Structure formats: C-alpha cells, structure tokens
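Report on one structure; see the data block that follows.
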Amino acid sequence: MTRFAPSPSGHLHVGVARTALFCWAYAHGRGGSFLLRIEDTDQKRSSDSASLGFLKDLEWLGILWNEGPTYTRADGSVVGGGRNGSYFQSERLEIYNREISRLVAAGHAYYAFDTAEELDAKRKASLAAKIPYRYDRTALGLSKAEIDANLAAGKPAVVRCKVPAGAIVIKDEILGEATIPAGEVDDFVIRKADGFPTYHFAVVVDDELMGVTHVLRAQEHFTNTAKHMVLQDALGFRRPTYGHLPIISNPDGSKMSKRDKDKTLRAAVVQKGLTGPPAEFLDETRWKAWLADKNTQLDITDAMRLAAILDVVLPEINVDDFRRSGYLPQVLCNFLALNGWSPGENIEKFDLEFIKQRFDLSRVVKTPAKFDRVKLLSFNCDAITGMPREQFAAQCRLHGERYHPEFLAKLTPEQFTLLADASHERSKTLEDLYRVNRWVVVSDDALTWEQSKNVSKTMLDGTPRGLDRLRELKPLFDGLADWNVATIEATVKGYADTHCEGQLGKAAQPLRVAVTGGTVSPPIFDTMAILGKASSLRRIERCLQRFEQPGA
RNA sequence: GGCCCUAUCGUCUAGCCUGGUCUAGGACACCUCCCUUUCACGGAGGUAACAGGGGUUCGAAUCCCCUUAGGGUCACCA
C-alpha cells in the first residue's frame, strides 16, 4: 500500500503530480494498492472544502486511486471509497485525540501553554546568539495541578512530543542511511491549540491505521522523517519503507511556484514601462495593490488577459496550466517521470503502463532536477506528429471546446477538419491551431495586415512586386468553378510555372499575406480552401486596395 | 548559521553498487548543411561533461578523505 497525501488545493502542482505518479506506479507495479488521503489539518488553508479541484487533474493524467475520497469521473464511473476512511484528516480528529491521550498518559507527550509571542522571543534570542533554536521544555516542568488549572482556565494548549535523547538513523530506499545527531529534533507540537493535529502526527497515525507500507514523498520531507520515527516508536507503530524523491525546480534553480506567473507579469509591466492598468483591465486600486504586493495573485482569467496584452507567455506551473497550453497528459506523465527517474537502456519515450511496470526506487536519482519546458515541448510535438490524423483533429476539437469555444463557433465542421489536417504536422501542442490561425476567425472586412518588414517586403519589393503578381492571380481565381485544394494548387502552380520560373513562393507568399494578413499559415492551398472562394477573393481584393495606396 | 543530502555535456540523464570493454552513451537545446510555398516538421553531420585537490590501486567517472559548490530543513504549514 502506497499513499499520496496532498493538502487540498484547486490545482495540482507538477512537482506534486510527479510524486503522485511515482506513488501510483510503485503501488500498481507490484500489485499494491494506491491510496489518496487529504491532509487538511490546517484550518486556515483548508477551510474551503471545495478546493478539491486537483482531483480532476489526477483524472486527466490517468492517475486514479483505489482508496480515498469518492470521486465521480467524467464518464460517470466512480473511484475512491474504502474501509479505512475517512480519507479527510479533518474528519479523523477523534482518532488523533485518542492516540494523543495514549501518548500523554504514557509520558511520551505533554501539554504546553507557551504563547506564540514567548516562543517567538526565544527563537529570536537564539538567532541573535547564533545558537540553533530548540524548544526549551519549560512546559515539561509543569506539575499535574498546574496543567489541570491551566486547562480548566481554558488557556490555549498545545501537546508536544517528548523526544527521547539519542541519534536517529533514517533509512531511505533512495538516499540510503542518514544519521540525525542527538538533540537535533526538539519537542515538536503534535496537537495545535485549535485541537487539530499537526502534519507530523496525523501522517504517522493515518499511515499506520490505513495500512500504508511505503511512503514516497518529496525530499523536503526527509528530515521530518526523524520526527515521524520518534512518533512511531512512542506509539508502537510499524515503520513504513521510505523513499524521498528529488525536488523539481525552475531552470534557474528557484522553486517552481504559482507566484511565478505573477512574477512574470510584474516583470513585463516594468519592462514595458506601463504606468497604469491597461484599458478595460483592473481598476486603478486593484492594479496598484497587485503591483505593490508580491504575494498577491491575479486569478487565472485576469492573468491570461494581462499576458495577452503584454505579449508574454505565462510559465506553466500546475497540471492544468499544461493542459491549457495543449500538452497531452501521457506526454506530461512521461516527461515528469524522467525528472528524477529513468528506466535506463536509453529509453525515453514511454506510457503510463511502462512506468507502472518499470518504476523502481533504485533507479531514482538523488539530485534535484530543473524542469525543462523546451524538452517537454519537443516530446509533445513528437507525440502529436505521431498521432493518426483523425485523432489529432478529435483531440484538438476537444481542447477547443474547453478553451476556445468562440473560435470553434466560427467554423463549420468541414472547415475545422481541413484546418486540423493542415495544422497537424506543424503543431507542437493542441493549442497551436488556435493560437496561430487567428486569420480563420477574423471576418473578411476586419482583416488587417501586419505592419512588418516581411509583409511589406512580400508585397512591395522586387520586380514584379508581390502586389503585381497578386493582381495577375486574382482573375484566375475568379474563373475557378470548383474551389478545393486541388484546383487551387493547379491554379497557383500553373501561374508560378509560367510567370515565376516555377518558384512557387513568388506566388504563394503574396497570396498568403493577402488572405491571412501575415506571412505564416498552413500551405497556401489549404489556407485558401479553408477560407472558401468568396472570403479568399474578398481578402485579395481588400489587400490590393490596401497596398495600392501610395506610401502604403 | 546548525543539521542532513548531493555533485557526469547548457538541461534531463546512462554508466558508479559489482574499478579496466568510457578516446564517457542517449535525449532536449545549440551550430552547420540538406529538404522546402511561409511557419514548422524531417534528414545528415558537429560543438559540448566525469567540480577541484589528495589518496587506494598495475589501473578510478566508478572506492576513501578534504575543499568548493548546489539542494533540503530548522513553525501551533503541509
């Protein structure tokens, strides 16, 4: 039994997703069970019970749990449940209290009444004196009567674990053995003043009661393991096998944080010299507050709008960000698995089934990994290129229905299929089609031409100019009865053969600029076929007018 | 700062445990060329690493020590 035990959240961080993936793979790879438990013992952070949005991220990735919160999938099937519930720690307070009473009675834990201010002062004093802070056990000196009096008086009380003297040896399947010297672990709190257990306590109790035998978690928990071992000994619990996974960070070594998105935006605001909020964006006060406080975050819709205005790309942090950017779930899993683990034999591309069968703690690396989005993109590109045509079109449509309904609404099914087929081999993500083909959804009379060097070069440079060729091409299309890729191709190629010494680009580029407003699009025959005859001709006509003006 | 962990191309990594087959392999990125109607894709080449210093050994990327560097952690967060 392996478990994945996140704190509740609306979104799944990719690093956390990798932990889930490895836990899932480890359990299923050796006939075990995969348990999901919600660690919601922080009332401040977990008060929002609707913050289980990350479950849909797990579903999307294909990581489903045998035991845990009940969850209804998109297809109506239900996962989760189990005999060891509740799988929400906030609903297990009685169990924790029972175990804490046991510890107190046995002398392994004790009440403490120090105030936050007192502890803070001591901590600061230690810092000033350059000695490491440890809880000084003042509360341990309290008599039974004093404790009872404080309790009766309703004084805020925590329970601390009485950590026995002596070094603690952590055994880890990935990192090997580490010895934490005696005195390093102080008497940590196991029950907070609000009556909730701390993470350390709840984890130990639940892992035992739920039958967890293997704990895979991020390396940031490594030194916590000592505390958990102390607790296991005091409670008489079994010791699970531990494996601490290397941390995944940004390419620059910084922690991958949801705040990176706002950080990127703030940097762009400064770089572009924006003084006030862009028109129709946030109001002045909200804007200023957001700019001033590095800890405030825009919601995803606002962040994306601002990113579009500033023309910056937001870094993907959560699984859902990658989904929105058009990555395939199996590719994300594949790539995530490669951060911290490898199957060897120069194998790099694989699916969930492969990970399940091959994942093994002995091949997990000990060093932190920097998350390389460029390589992920390359993997995604390969996966998309390798898809059958119909599958790409279908997946792309699904992606559009979720993220670009207004785009889809402007296309007929036939147009969409043509566009998807034409975009397939040049797409690296499911998002690309929607990102680079704005020309499809712009109305003929609203199309504008890019003010770029490439566009003006295409239209106005050389002899004859692109503009002149366009004028010659237009009547050829006027007379075209059948409008499809083949007839358009024959027309353009015929023209290029006779007028451009066979150089197709001489004819294709002016046409491309005319009908799309820019120099980038799918092959020109497809592009014009998708637009249809009327649109194509109307755009060519407008383009001629636009560039024939002197000084254009 | 204390404690713990780690150290192979720019990045993710193989190799390390069981020293020789490693003039260190793969992938992404980068560079060159080819293909080409734009953008991509694709094809063929190429540059590029054992952190430094001591040992052990006939022999070290592989074992040991030191230095340096990086990461993690020191909460009534998880």
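Quantities reported herein were computed from a predicted structural model and do not represent experimental measurements. We name chains A, B, ... by the order of the sequence lines, and we start the count at 1 in each one.
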(request) Using heavy atoms to find the nearest nucleotide of RNA chain B for A:Gly253 and A:His221 separately, return the residue whose nucleotide is more 5′. (result) A:Gly253
(message) For A:His221 and A:Tyr199, I'd like to know if the aromatic rings sit close, meaning centre-to-centre distance below 6.0 Å.
(response) yes
(message) What is the separation between atom CD1 on A:Ile247 and atom C1' on B:A78, rounded to the nearest whole Å?
(response) 13 Å
(message) Rounded to whole Å, please give me the gap between CZ in A:Phe335 and C1' in B:C28.
(response) 8 Å
(message) With a 3.5 Å limit on both atom pairs, tell me what B:C76 is paired to, counting Watson-Crick and G-U wobble, or say none.
(response) none
(message) Distance check, P atoms only: B:C16 and B:C22, in whole angstrom units.
(response) 12 Å
(message) What is the distance, to the nearest angstrom, from the NZ atom on A:Lys349 to the P atom on B:C12?
(response) 18 Å
(message) Say we look at B:C17 and B:A60: how far apart would their C1' atoms be, to the nearest angstrom?
(response) 15 Å
(request) Would you please name every residue forming a salt bridge (Lys or Arg N to Asp or Glu O under 4.0 Å) with A:Asp526, sequence neighbours left out? (result) none
Between protein and nucleotides 2-7 of chain B, what N or O pairs are separated by less than 3.5 Å?
{"residue": "B:C3", "atom": "O4'", "partner": "A:Glu184", "partner atom": "OE1", "Å": "3.4"}
{"residue": "B:C3", "atom": "O4'", "partner": "A:Glu184", "partner atom": "OE2", "Å": "3.4"}

(request) Taking atom types as modelled, find out whether A:Asp114 and A:Tyr135 have a side-chain donor-acceptor pair closer than 3.5 angstrom. (result) yes
(request) For A:Phe525, report the nucleic acid contact type (base, sugar-phosphate, nothing); a contact means any heavy atom under 4.0 Å. (result) base
(message) Measure NZ/A:Lys370 against P/B:G71 and give the value in whole Å, please.
(response) 8 Å
(request) Give me the residues of residues 497-512 of chain A where at least one heavy atom lies under 4.0 Å from an atom of RNA chain B, by number, or none. (result) A:Leu504, A:Gly505, A:Ala508, A:Gln509, A:Arg512
(request) Report which part of the nucleic acid A:Val189 touches: base, sugar-phosphate, or nothing (heavy-atom distance under 4.0 Å, all strands). (result) sugar-phosphate
(message) Within the 4.0 Å heavy-atom criterion, would you say A:Asp114 contacts the bases, only the backbone, or no part of the nucleic acid?
(response) base
(message) For A:Asn250 and A:Asp260, which I'm curious about, is there any donor-acceptor pair between the side chains at under 3.5 Å?
(response) yes
(message) Can you pull out every ring pair (Phe, Tyr, Trp, His ring centres under 6.0 Å) where at least one residue sits in residues 170-190 of chain A? Sequence neighbours excluded, please.
(response) A:Phe188-A:His200
(request) Send over the distance from A:His424 NE2 to B:G42 P, rounded to a whole Å. (result) 12 Å
(request) Answer with base, sugar-phosphate or nothing: what part of the nucleic acid does A:Arg363 contact at a heavy-atom distance below 4.0 Å? (result) sugar-phosphate
(request) Scan A:Asp194 against the nucleic acid and name what it touches under 4.0 Å (heavy atoms): base, sugar-phosphate only, or nothing. (result) nothing
(message) For B:A48, give the paired nucleotide (Watson-Crick: N1-N3 plus N6-O4 or O6-N4; G-U: N1-O2 and O6-N3; both under 3.5 Å), or none.
(response) none
(request) Determine the contact category for A:Pro6: base if any of its heavy atoms lies under 4.0 Å from a base atom, sugar-phosphate if only primed atoms, P, OP1 or OP2 are that close, otherwise nothing. (result) nothing
(message) Mind checking if A:Leu338 touches a base, just sugar-phosphate, or nothing, with heavy atoms under 4.0 Å?
(response) sugar-phosphate
(request) Write down the partner of B:C33 under the Watson-Crick or G-U wobble criteria, each distance required to be under 3.5 Å. (result) B:G43
(message) Hydrogens and angles aside, do A:Ser521 and A:Arg512 bring a side-chain donor and acceptor to less than 3.5 Å of each other?
(response) yes
(message) Among B:A14, B:U38, B:A40, which nucleotide has an atom closest to any side-chain atom of A:Val520?
(response) B:U38
(request) With sequence neighbours left out, write down each residue that passes salt bridge (Lys or Arg N to Asp or Glu O under 4.0 Å) with A:Glu94, or none if nothing qualifies. (result) none
(message) Distance check needed: B:U13 P versus A:Phe359 CZ, whole Å only.
(response) 13 Å
(request) List for me each residue that meets salt bridge (Lys or Arg N to Asp or Glu O under 4.0 Å) alongside A:Arg471, sequence neighbours excluded, and say none if there are none. (result) A:Asp468, A:Glu548
(request) Determine the contact category for A:Ser378: base if any of its heavy atoms lies under 4.0 Å from a base atom, sugar-phosphate if only primed atoms, P, OP1 or OP2 are that close, otherwise nothing. (result) sugar-phosphate
(request) Quote, to the nearest angstrom, the P distance that separates B:G20 from B:C64. (result) 15 Å
(request) Report the nucleotide, chosen from B:G25, B:C28, B:C77, that has the shortest atom-to-atom distance to any side-chain atom of A:Asp372. (result) B:C28
(request) Using the test ring pair (Phe, Tyr, Trp, His ring centres under 6.0 Å), find all partners of A:Phe196 that sit at least two apart in sequence or belong to another chain. (result) none
Residues 336-344 of chain A, side-chain donor-acceptor partners within the protein, below 3.5 Å, at least two apart:
{"residue": "A:Asn339", "atom": "ND2", "partner": "A:Phe335", "partner atom": "O", "Å": "3.1"}

Tabulate below the donor-acceptor pairs under 3.5 Å that side-chain atoms of residues 163-182 of chain A make, not counting sequence neighbours, or state none.
{"residue": "A:Asp172", "atom": "OD1", "partner": "A:Ile174", "partner atom": "N", "Å": "2.6"}
{"residue": "A:Asp172", "atom": "OD1", "partner": "A:Leu175", "partner atom": "N", "Å": "2.7"}
{"residue": "A:Asp172", "atom": "OD2", "partner": "A:His244", "partner atom": "N", "Å": "3.0"}
{"residue": "A:Asp172", "atom": "OD2", "partner": "A:His244", "partner atom": "ND1", "Å": "2.5"}

(request) Could you give the distance separating B:U62 and B:U21 at their P atoms, to the nearest angstrom? (result) 13 Å
(message) Does A:Gly340 reach a base, just sugar-phosphate, or nothing at all? Heavy atoms under 4.0 Å.
(response) sugar-phosphate
(message) Closer than 4.0 angstrom, basic N to acidic O: yes or no for A:Lys162 and A:Asp187?
(response) no
(request) Report the distance from atom CZ of A:Arg426 to atom C1' of B:U38, rounded to the nearest whole Å. (result) 9 Å
(message) Can you list everything that forms a ring pair (Phe, Tyr, Trp, His ring centres under 6.0 Å) with A:Phe407? Sequence neighbours excluded, please.
(response) A:Tyr434
(request) Check each residue of residues 199-210 of chain A for a non-hydrogen atom within less than 4.0 Å of any atom in RNA chain B, then write out the ones that pass by number, or none. (result) A:Tyr199, A:His200
(request) For the pair A:Phe359 and A:Leu216, evaluate side chain to side chain contact (heavy atoms under 4.5 Å, CB included) and give the outcome as yes or no after the intermediate values. (result) CA-CA 12 Å; A:Phe359 181 73; A:Leu216 307 186; 4.1 Å; yes
(request) Mind jotting down which residue pairs meet the ring pair (Phe, Tyr, Trp, His ring centres under 6.0 Å) criterion with at least one end in residues 450-473 of chain A? Sequence neighbours excluded, please. (result) none
(request) Report the distance from atom CG of A:Leu361 to atom C1' of B:C17, rounded to the nearest whole Å. (result) 16 Å
(request) Write down the distance separating the P atoms in B:G19 and B:C41, rounded off to the nearest Å. (result) 45 Å
(message) Mind checking if A:Ala369 touches a base, just sugar-phosphate, or nothing, with heavy atoms under 4.0 Å?
(response) sugar-phosphate
(request) Assess whether one donor atom and one acceptor atom, taken from the side chain of A:Lys375 and the base of B:A27, lie less than 3.5 Å apart. (result) yes
(request) Select base, sugar-phosphate, or nothing to describe what A:Arg123 touches, counting heavy atoms under 4.0 Å on all strands. (result) sugar-phosphate
(request) State which of B:U38, B:C76, B:A78 makes the closest approach to the side chain of A:Arg160. (result) B:C76
(request) Can you figure out which of B:A78, B:G26, B:A40 approaches the side chain of A:Glu348 most closely? (result) B:G26
(message) For a quick check of understanding: with a heavy-atom distance under 4.0 Å over all strands, which category does A:Val492 fall into, base, sugar-phosphate or nothing?
(response) nothing
